[in-house]
Amino acid sequence: MTTTISCMIKPAWTPMTIGLMVLGFVVFWPLGLAMLAYILWGDRFEGMARDARDQWRGSPLKGAFENMNKPSYSRTGNVAFDEYRERELKRLEEERAKIDAMRNEFDEFLTELRRARDQEEFDRFMANRCRPNTGPEANPA
C-alpha cells in the first residue's frame with residue numbers, strides 16, 4: 001500500500017494560506033490579491049478553465065483566429081487565375097525588392113551627405129579656432 005503525500009497548498013483558510021496571503025500583500029499587493037482569490041475560488045479554477053475552453057471551442061471567433069494564420073492566397077481551383085495571381089505576386093515582390101534597394105541607396109546618400117556637412121562644420125570650427133584674434137576684443141586694456 002502506497003500513499004502519496006501532496007505538498008500542494010489547498011485553497012482553504014489554513015494558517016499557511018493566510019500567512020502567504022499576508023506576505024503577498026506585504027511584498028507586492030497583487031500577490032496578496034491573487035492568494036486571496038485562490039483561497040476563495042481555488043477549488044473552482046479547474047472547472048472554470050474547462051468551461052472557458054469549451055466556450056472557446058464553440059466560439060465563432062475561434063474560426064476567425066485560425067483563418068488569420070492561414071495564407072490568404074490559397075488555390076481557387078481555377079488554374080488560369082492561380083497562375084495569373086502567382087505571376088502578379090512574383091512581379092510585386094520583384095518591384096518591392098527594387099524599391100527596397102532604392103531606399104537603401106537613398107539612406108546611404110543621406111548618410112554621406114550628413115558626413116560631408118559634419119566635416120564642413122568641423123573644418124570651419126578648426127579654421128576659426130586656429131585663427132589669431134586681432135581686433136578690439138583681442139586686447140582689452
Side-chain angles (χ1 to χ4, degrees), residues 1-140:
M1 179 175 173
T2 61
T3 58
T4 306
I5 299 174
S6 176
C7 294
M8 286 183 53
I9 299 171
K10 303 290 182 199
W13 291 102
T14 64
M16 173 72 90
T17 57
I18 293 171
L20 286 173
M21 180 183 65
V22 169
L23 182 65
F25 277 114
V26 169
V27 172
F28 185 57
W29 67 267
L31 293 177
L33 281 180
M35 191 63 199
L36 177 62
Y38 180 71
I39 291 170
L40 294 175
W41 301 296
D43 53 345
R44 297 186 227 163
F45 283 161
E46 186 177 329
M48 289 168 47
R50 188 178 345 98
D51 293 343
R53 275 193 304 271
D54 292 342
Q55 285 182 357
W56 174 250
R57 287 184 186 127
S59 171
L61 287 177
K62 180 183 181 224
F65 279 107
E66 288 175 351
N67 288 337
M68 286 173 44
N69 294 334
K70 295 179 183 176
S72 61
Y73 48 86
S74 59
R75 293 277 192 206
T76 63
N78 186 318
V79 177
F81 178 76
D82 290 340
E83 289 174 355
Y84 165 76
R85 183 179 54 208
E86 287 174 17
R87 281 193 313 269
E88 287 298 306
L89 288 173
K90 184 178 178 185
R91 182 186 65 78
L92 290 172
E93 191 60 38
E94 290 169 355
E95 189 68 27
R96 182 185 179 103
K98 287 179 191 176
I99 291 172
D100 287 344
M102 198 181 316
R103 164 120 192 234
N104 289 338
E105 290 174 16
F106 183 69
D107 287 343
E108 290 171 8
F109 171 76
L110 288 178
T111 301
E112 182 60 28
L113 194 63
R114 287 184 192 111
R115 192 202 62 76
R117 186 182 64 217
D118 290 347
Q119 184 66 44
E120 179 186 327
E121 290 173 355
F122 176 73
D123 291 343
R124 188 175 336 124
F125 167 76
M126 290 303 288
N128 289 341
R129 183 174 176 261
C130 294
R131 184 179 311 148
N133 283 339
T134 56
E137 306 94 27
N139 299 331

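Keep in mind that this is a model prediction, so the values were computed, not measured. We're numbering straight along the sequence, starting at 1.
- Under the rule for a side-chain contact (heavy atoms from CB on, under 4.5 Å), the partners of Asp118 that lie at least two apart in sequence or sit in another chain are Glu121.
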Under the criterion salt bridge (charged side-chain N to carboxylate O under 4.0 Å, His left out), I'd like the reasoning laid out for Glu112 against Arg115: C-alpha separation, chi angles, the key distance, then a yes or no. CA-CA 5 Å; Glu112 182 60 28; Arg115 192 202 62 76; 2.9 Å; yes
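- With sequence neighbours left out, Ile39 forms a side-chain contact (heavy atoms from CB on, under 4.5 Å) with Trp13, Thr17, Met21, Met35.
- To the nearest 0.5 Å, atoms CG (Asn128) and CZ (Arg124) are separated by 8.0 Å.
- The side-chain contact (heavy atoms from CB on, under 4.5 Å) test applied to Thr111 returns no partner, not counting sequence neighbours.
- Remark: the Asp123 side chain and the Gln119 side chain contain an N/O donor-acceptor pair separated by less than 3.5 Å.
- Qualifying side chain to side chain donor-acceptor pair (under 3.5 Å) partners for Glu83, counting only residues two or more places apart in sequence or in other chains: none.
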Could you go step by step and tell me if Arg91 and Glu88 meet the salt bridge (charged side-chain N to carboxylate O under 4.0 Å, His left out) rule? CA-CA 5 Å; Arg91 182 186 65 78; Glu88 287 298 306; 2.9 Å; yes
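- A side-chain hydrogen bond (donor to acceptor under 3.5 Å, both in side chains) check over residues 93-110, counting only residues at least two apart or in different chains, returns nothing.
- Taking the ring pair (Phe, Tyr, Trp, His ring centres under 6.0 Å) definition, one finds that Trp56 meets it with Phe65, sequence neighbours left out.
- To the nearest 0.5 angstrom, Trp29 atom CH2 is 12.5 Å from Leu36 atom CG.
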